[in-house]
Amino acid sequence: MNLEKGYVDAPINPDLDIVAEIRRMCAEKNAVILAHYYQDSKIQDIADFVGDSLDLSRKAAETTADVIVFAGVHFMAETAKILSPHKVVLLPDLNAGCSLADSCPPAEFKIFREKHSDHLVVSYVNTTAAIKELSDICCTSTNAVDVIESLPKDQAIIFAPDRNLGKYINSLTGRNMLVWDGACHVHEEFSLERILDLKKDYPDAKIICHPECQKPIQIVSDFIGSTSALLKFVTSDKGNSFIVATESGILHQMRLANPEKTLLPAPPNDSTCACNDCKYMRLHSLEKLYNALLYNAPEINLDENLRIVAEKPIRRMLEIGKSN
Ligand code: 13P
Ligand code: SF4
């Protein structure tokens with residue numbers, strides 16, 4: 001088996017019913033497919049469970065499957081392995097990284113943390129296991145406020161790695177967390193000018209955004225929330241049209257749940273594209289997923305000492321969710 005490219009590069013019979021074969025192998029191997037909302041719609045449609053990063057980490061911790069096929073990015077599959085060390089965790093393309101996780105290199109972060117040794121470290125799950133090892137508690141965009149509010153009001157906090165989310169939480173909670181200067185390439189790329197131009201064509205459309213977007217986009221937004229919060233908002237709100245400033249994969253579930261509503265992807269700075277895709281999330285395909293199941297590769301493996309330490313801040317986060 002050739003894994004040189006970061007995925008199984010094996011030919012697939014073009015006459016194969018790939019969806020039926022994937023389902024058959026899942027049943028045979030007791031495998032479950034977990035997919036993030038930012039995946040291609042074909043992958044979302046075949047998944048056993050589609051969700052945001054918090055839902056997916058909960059599913060990974062609870063599943064009774066023997067194999068988890070993770071259609072998401074590397075840190076998500078790594079989180080699944082941290083929580084379910086005895087399961088086989090497959091990531092169909094190992095190149096599915098994350099620009100936000102990469103914006104927080106462990107060696108630099110360790111020095112930063114040592115300089116502020118009286119601070120607790122809250123890290124977004126969009127980090128490597130090496131950053132989780134340096135963290136006291138994790139959060140996602142869904143539970144970030146609950147996690148911060150679970151800490152004493154006078155506790156000094158470092159928040160890493162997303163600067164836009166960190167500052168947004170500071171504004172909601174009245175805290176003054178020290179925020180690491182990291183960002184995600186997708187959410188930094190939305191164009192305020194093009195969003196406002198789109199709004200001129202759809203004056204009734206509500207602008208909604210993920211908190212990883214820059215402040216000017218947040219300011220013009222009618223609602224700010226994680227992917228699952230955005231999905232709930234579109235479904236429960238009385239409005240009929242929405243400009244959605246997050247990775248465009250989420251529009252698939254929004255359209256399935258709200259076929260009568262107009263859902264417009266917010267445009268990025270690059271004027272050749274109408275929507276904004278995560279170049280890492282979109283590396284997976286049905287073919288790579290099929291080969292991953294067939295060959296049981298590429299598999300996520302972690303040093304056990306690192307896994308044990310990285311598990312603590314994630315478990316601490318999951319405990320907070322339980323009491324809400
Ligand atoms: P969610 O926490 O909404 O799933 O977001 C994950 C992510 O990668 C945002 O860019
Ligand atoms: Fe990472 Fe941004 Fe892609 Fe989310 S959208 S996985 S934060 S690069």
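Side chains included, hydrogens not; waters and symmetry mates left out as well; all remaining heavy atoms used.
Between atom NZ of residue K81 and atom CG of residue L90 there is a gap of 9.5 Å, rounded to the nearest 0.5 Å. Taking NE2 of H210 as the reference point, atom CG of L165 lies at 7.5 Å (rounded to 0.5 Å). Annotation: the span from S171 atom OG to Q218 atom CD amounts to 7.0 Å, rounded to 0.5 Å. Once rounded to the nearest 0.5 Å, the distance linking CG of L294 with NZ of K29 reads 6.0 Å. Between the CG atom in D146 and the CD1 atom in I148 there is a gap of 10.0 Å [rounded to 0.5 Å].
Environment of CD in E193: sparse, with no more than 12 heavy atoms of neighbouring residues, nucleotides or ligands closer than 6.0 Å. For K42, the NZ atom is loosely surrounded, since the number of other residues' heavy atoms within 6.0 Å does not exceed 12. Within 6.0 Å of CZ on F223 lie more than 12 heavy atoms contributed by other residues, nucleotides or ligands. Applying the 6.0 Å contact sphere to CD of E260 captures more than 12 heavy atoms from other residues, nucleotides or ligands.
For the pair Q39 (side chain) and Q44 (backbone), a donor-acceptor distance under 3.5 Å is absent. Using a distance-only test at 3.5 Å, with no hydrogens or angles considered, a donor-acceptor pair links the side chain of N170 to the main chain of M177. Side-chain atoms of S221 never come within 3.5 Å of backbone atoms of I224 as a donor-acceptor pair (strictly under, hydrogens ignored). Judged by distance alone, the side chain of T63 and the main-chain N or O of A60 form no donor-acceptor pair under 3.5 Å. Looking only at distances, a side-chain donor or acceptor of S57 sits under 3.5 Å from a matching main-chain atom of L54. Looking at K59, its side chain never comes within 3.5 Å of a backbone N or O of G51 through a donor-acceptor pair. Side chain of K215 to backbone of N164: no donor-acceptor contact under 3.5 angstrom is found. Between the side chain of E133 and the backbone N or O of N305 there is no donor-acceptor pair closer than 3.5 Å. Looking only at distances, a side-chain donor or acceptor of R113 sits under 3.5 Å from a matching main-chain atom of L134. Remark: the backbone N or O of V125 is paired with a side-chain donor or acceptor of K132 at under 3.5 angstrom.
For S248 against P265, the heavy-atom pair with the smallest separation is CB-CB, 4.4 Å. Heavy atoms only, all atoms of each residue included: A245 and H187 are closest at O-CD2, 4.2 Å. In terms of heavy atoms, E188 sits closest to N269 at O-ND2, 4.4 Å. In plain terms, the two heavy atoms of I157 and V122 that are nearest each other are CG2-CG2, 3.7 Å.
A salt bridge links E114 with K110; the closest basic N to acidic carboxylate O contact falls under 4.0 Å. Salt bridge present: R307 and E304 bring a charged side-chain N and a carboxylate O closer than 4.0 Å. A salt bridge is defined here as a Lys NZ or Arg NE, NH1 or NH2 lying under 4.0 Å from an Asp or Glu carboxylate O, and K200 with D197 meets this definition.
The aromatic rings of F109 and W180 stand perpendicular to each other, their planes meeting at an angle above 60°, with 30° marking the opposite boundary.
In this structure, the ring of Y280 has its center less than 6.0 angstrom from the ring center of H185.
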Requested in this report: Could you walk me through whether E21 and R24 pass salt bridge (charged side-chain N to carboxylate O under 4.0 Å, His left out), step by step?
Outcome: CA-CA 5 Å; E21 264 308 295; R24 189 194 61 73; 3.0 Å; yes

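Side-chain contact check for N240 versus D204: every heavy-atom pair is 4.5 Å or farther apart. With contacts defined as side-chain heavy-atom distances shorter than 4.5 Å, the pair D162/N126 does not qualify.
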